[in-house]
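Just the heavy atoms: all of them, side chains too, but no hydrogens, waters or symmetry mates, feed the values below.
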Amino acid sequence: MKELTILTLGLFLASIIDYVNTACAQINLEKCSCDHPTSRKYFIYCQDRGLTAMPPRINRSLSDGEASGDFSMNAITSIPGNYFENMKYFEILDFSSNKISSIGADSLKQLDNSLASLYMRNNKIKSIAPNTFAGMTRLNTLDLSGNSISSPCGIKTKDVTDYSLAANGITRLNDNCFPDSVKVVKLNLSRNRISHIGRKAFDGLTAMEELDLGYNSLSDFSDGILSLIDLSSVHTLSLRGNDFQYLESICGHRLPNLKSLDLGHNNLVDLQKYCFNIYFTGGDNTDITLNFEHNFIPSLAGSTFLGLDKRLVRLLLNNNRITEIDVSTFTKLTRLTYLNLNHNSITSLEFLRDWQDNDLLELSLANNQIHTLLPGVFLNLDKLTKLNLDSNYLLYIESNAFSGMSSLSDLSIEYNLMTNLADGAFAGLSRLQKLKVTGNGLVTLKNCTFANLDNLVQFHFDDNLLHCDCDLMWLLPFMNRVNNDGISSGVEEPVLEDKCHYPLTSTGLIMANQVSGNCRDSHVTTNACVGLEVQFGEPIEEEMNITWSYDPQSPGKVEQITLTQLDIESNTLMAEEDVTEKAMPITLQDVKDDKIYKV
């Protein structure tokens, strides 16, 4: 029985192979291969076969069905007229990366009722007969990018929806350039040399949703490309990589459905006030992305984004020259989730302080000139999940520096100038999963700095100046726990540890090995956490007693310290016995709220 089953299966497979070979034998194009998985599907593979011309035509007709032909990466120079006379069922043809210089009116004539996608990118096409695609009733995708077409005007593409003319030699678009392209949804004209666009160049493109004019030579729309043509359906507009200096020429135009405007890599020196108040006229539920990266913008006024209060969700302002941001610039952008301010000259973060109603999830401030994080500056960013402060000039992180950021899960403070982190620097970040402090000048890491970071699955602290003494003993089990949790979570490189820099006898050696080897029998507790617990929470009139524990491992060792209201409000603890001052990040309200601090 088993032998009969195997024999039956073998005969069945043989019949399939014979069927495929018989079907493909109808085509038998020289140097090409064929696959015929079903009775109505053919795949012809002629790519990269060293062809300098199209293979000789077949003499018998291709069976009714859907065929795909890949003739890319050869040196074919032309497509002979009536070549597809016996192969009328090609649905997809790819002639990319050949040396075709022109397409005649009859080159693809026999495919009028079948061809849906035609790829001719990276050839040497200079001209196309106007009616070449006129009768193609199924042609939806036409890719002519990477050729030498000087003008696309007049080419009839009435049924094309995705049309690419990128990277040609186009310098201007005259009036009525696309006379019957009424179904085009996506038009790519990027990477040409377009410097002039006629007042009626896009007349009739009423279905267009995406227009890419990036990397051309456009500098002014005074002729009215946006004011005199109907772009009411456009939702994505790219003007990236042109020569715009001011928004004046495009402000004031109503684009009701626009969702994405890309003006990155221009020469913008100003974002005109009130520009977007009338530029975007869609409803409050429209999600808008604005990209102004890599320009020369020096500042942001309070009214810059007026009118986008409930619509702007992504804003890119990285790689500009921003030094000043008005405190009200972002306060009304209640739906903004992503803000990129990397690579500017920002020194103050006060513009974040009053941003009370916001949905911000990701904030990037890398490569600026931030020296300090003032208390409370992040207090309203309670939804933020990712913060990047890399490559600034931060010298020190104070206790409770990130107060209010209860949702933060990813914090990066790499390559700053920090030599020390205060106890409680990361207090309140109970959801933090990824922390990077690589490339600073940290000499030691204190237990109290990282207390309560129970969800950490990635911790990078390499390339610092660690002094490998017994104060780092606590770090070994901490690293082990993070590493295990990180591996379980699928995180790459959960822990990157620093090598010893001090003492000199340990320079360059692995920190964990040195500390564990030298401190195994040590009971040093100089790096233990100190707890401050408020015992009395009534409104303060004259003084209050609190309990101060120096060693959590010895809870009985406490001192009573008397505080006056002035002491608390000046952030100073006064010990009556020896009058030793200890600076504390504690406020009057903190004491009233009966909070417990790590200090």
Asks: Which pair of heavy atoms, one from Cys32 and one from Ile44, lies closest together, and at what distance?
Replies: CB-CG2, 4.4 Å

Asks: Between Thr329 and Ala301, is there a donor-acceptor pair closer than 3.5 Å when you use the side chain of the first and the backbone of the second?
Replies: yes

Asks: Please determine whether side chain to side chain contact (heavy atoms under 4.5 Å, CB included) holds for the pair Phe305 and Phe330, giving the CA-CA distance in whole Å, both sets of side-chain angles, and the decisive distance to 0.1 Å.
Replies: CA-CA 8 Å; Phe305 303 107; Phe330 304 119; 4.1 Å; yes

Asks: Determine whether more than 12 heavy atoms belonging to other residues, nucleotides or ligands lie under 6.0 Å from atom CD of Glu324.
Replies: no

Asks: Please tell me if the side chains of Met136 and Leu108 come closer than 4.5 Å, counting only heavy atoms from C-beta onward.
Replies: yes

Asks: Taking atom CG of Asp162 and atom OG1 of Thr157, what is their separation to the nearest 0.5 Å?
Replies: 11.5 Å

Asks: Between the side chains of Glu293 and Asn318, is a donor N or O closer than 3.5 angstrom to an acceptor N or O?
Replies: yes

Asks: Contact between Leu381 and Asn358 at the side-chain level, heavy atoms closer than 4.5 Å - yes or no?
Replies: yes

Asks: Could you tell me which non-hydrogen atom of Leu189 sits nearest to which non-hydrogen atom of Ile170, and how far apart they are?
Replies: CD2-CD1, 4.2 Å

Asks: Sequence neighbours left out, what passes ring pair (Phe, Tyr, Trp, His ring centres under 6.0 Å) with Tyr415? Give chain and number order.
Replies: none

Asks: Show, in sequence, the C-alpha distance, side-chain angles and deciding distance for Cys46 and Leu51, and conclude whether the side chain to side chain contact (heavy atoms under 4.5 Å, CB included) test is met.
Replies: CA-CA 8 Å; Cys46 302; Leu51 299 173; 4.2 Å; yes

Asks: Hey, does the side chain of Ser97 reach the backbone of Asn122 with a donor-acceptor pair shorter than 3.5 angstrom?
Replies: no

Asks: side-chain hydrogen bond (donor to acceptor under 3.5 Å, both in side chains), that's the test. Do Asp462 and Thr438 meet it? Break it down for me.
Replies: CA-CA 5 Å; Asp462 50 310; Thr438 294; 2.6 Å; yes

Asks: Verify the distance criterion only: is there a donor paired with an acceptor across the side chains of Asp382 and Ser406 at less than 3.5 Å?
Replies: no

Asks: Do Asp287 and Arg335 sit within salt-bridge range, that is, some charged N less than 4.0 Å from a carboxylate O?
Replies: yes

Asks: Under 3.5 Å, side chain of Asn242 to main-chain N/O of Leu213, donor-acceptor pair present?
Replies: yes

Asks: Just by modelled atom types, is the Phe296 backbone N or O under 3.5 Å from a matching donor or acceptor in the Asn320 side chain?
Replies: yes

Asks: Before you tell me yes or no, could you show the steps for Asn257 and Val234 under side chain to side chain contact (heavy atoms under 4.5 Å, CB included), namely the whole-Å CA-CA distance, both residues' side-chain angles and the distance that decides it to 0.1 Å?
Replies: CA-CA 6 Å; Asn257 293 304; Val234 171; over 6 Å; no

Asks: Tyr45 versus Asp35: any side-chain heavy-atom pair under 4.5 Å?
Replies: yes

Asks: Where is the tightest heavy-atom contact between Asn368 and Leu341, given as atom of each residue plus distance?
Replies: ND2-O, 3.1 Å

Asks: Could you walk me through whether Asp359 and Thr337 pass the side-chain hydrogen bond (donor to acceptor under 3.5 Å, both in side chains) test, one step at a time?
Replies: CA-CA 5 Å; Asp359 286 335; Thr337 60; over 6 Å; no

Asks: Applying side chain to side chain contact (heavy atoms under 4.5 Å, CB included) to Met405 and Leu387, what does each step give before you reach the verdict?
Replies: CA-CA 10 Å; Met405 306 182 80; Leu387 175 62; 3.8 Å; yes

Asks: Run the salt bridge (Lys or Arg N to Asp or Glu O under 4.0 Å) test against Asp262 and tell me which residues pass, sequence neighbours left out.
Replies: Arg240

Asks: Would you say the side-chain atoms of Ser107 pair up with the backbone N or O of Ile79, donor to acceptor, closer than 3.5 Å?
Replies: yes

Asks: If the condition is side-chain hydrogen bond (donor to acceptor under 3.5 Å, both in side chains), which residues does Tyr338 pass it with, not counting sequence neighbours?
Replies: Asn340

Asks: Check this for me: Arg431, atom CZ, are more than 12 non-hydrogen atoms of other residues, nucleotides or ligands nearer than 6.0 Å?
Replies: no

Asks: Please check: side-chain N/O of Asn74 versus main-chain N/O of Ile76, any donor-acceptor pairing under 3.5 Å?
Replies: no

Asks: Keeping the roles fixed (side chain from Asp159, backbone from Asn140), state whether a donor-acceptor pair exists under 3.5 Å.
Replies: no

Asks: For the residue pair Phe95 and Leu118, establish whether any side-chain heavy-atom pair is separated by less than 4.5 Å.
Replies: yes

Asks: Taking the six-membered ring for Trp, are Tyr163 and Phe178 parallel (under 30°), tilted (30 to 60°) or perpendicular (over 60°)?
Replies: perpendicular

Asks: To the nearest 0.5 angstrom, please state how far the OG1 atom of Thr289 sits from the NZ atom of Lys259.
Replies: 10.5 Å

Asks: Would you say CZ of Arg321 has more than 12 non-hydrogen atoms from neighbouring residues, nucleotides or ligands within 6.0 angstrom?
Replies: no

Asks: Would you call Ile397 and Met418 a side-chain contact if the rule is heavy atoms closer than 4.5 Å?
Replies: yes

Asks: Please, which pairs that meet disulfide (SG to SG under 2.5 Å) have at least one residue in residues 141-180, sequence neighbours excluded?
Replies: Cys153-Cys177

Asks: Taking the side chain as everything from C-beta on, heavy atoms only, tell me whether Leu349 gets closer than 4.5 Å to Leu374.
Replies: no

Asks: Can you name the closest pair of heavy atoms from Thr331 and Asp354 and give their distance?
Replies: CG2-O, 3.7 Å

Asks: Taking ring pair (Phe, Tyr, Trp, His ring centres under 6.0 Å) as the definition, give me every residue that meets it alongside Phe459, ordered by chain and number, with sequence neighbours left out.
Replies: Phe450, Phe461, Phe478

Asks: Treating Asp326 as the side-chain partner and Ser328 as the backbone partner, does any N or O pair qualify as donor plus acceptor under 3.5 Å?
Replies: yes

Asks: Using side-chain heavy atoms (C-beta onward) and a distance below 4.5 Å, is Ser117 in contact with Asp143?
Replies: no

Asks: Run the side-chain hydrogen bond (donor to acceptor under 3.5 Å, both in side chains) test against Ser72 and tell me which residues pass, sequence neighbours left out.
Replies: Asp70

Asks: How long is the gap from CG on Leu394 to CD on Glu414, to the nearest 0.5 Å?
Replies: 13.0 Å

Asks: So, for Ile346 and Leu365, which heavy atoms are closest and what is the spacing to 0.1 Å?
Replies: CD1-CD2, 4.5 Å

Asks: For the residue pair Leu336 and Arg314, what are the closest heavy atoms and their distance?
Replies: CD1-N, 3.7 Å

Asks: Checking Asn216 side chain against His196 main chain: does a donor-acceptor pair fall under 3.5 Å?
Replies: no

Asks: Stepwise, does the salt bridge (charged side-chain N to carboxylate O under 4.0 Å, His left out) test hold for Asp112 with Arg138?
Replies: CA-CA 7 Å; Asp112 281 357; Arg138 294 190 61 206; over 6 Å; no

Asks: Looking only at the aromatic ring of each residue, does the gap between the centers of Phe90 and Phe84 stay below 6.0 angstrom?
Replies: yes

Asks: Output the distance between atom CG (Leu139) and atom CG (Asn113), rounded to the nearest 0.5 Å.
Replies: 12.0 Å

Asks: I'd like to know whether CZ of Arg353 has more than 12 heavy-atom contacts from other residues, nucleotides or ligands below 6.0 angstrom.
Replies: yes

Asks: Working to the nearest 0.5 angstrom, can you tell me the gap between Ile297 CD1 and Asn319 CG?
Replies: 11.0 Å

Asks: For the residue pair Glu210 and Val185, establish whether any side-chain heavy-atom pair is separated by less than 4.5 Å.
Replies: no

Asks: So, taking the atom named OG in Ser489 and the one named NZ in Lys434, what distance separates them when rounded to the nearest 0.5 Å?
Replies: 9.5 Å

Asks: Using modelled atom types only, decide if a donor and an acceptor are shared between the side chain of Asp212 and the backbone of Asn188 within a distance under 3.5 Å.
Replies: no

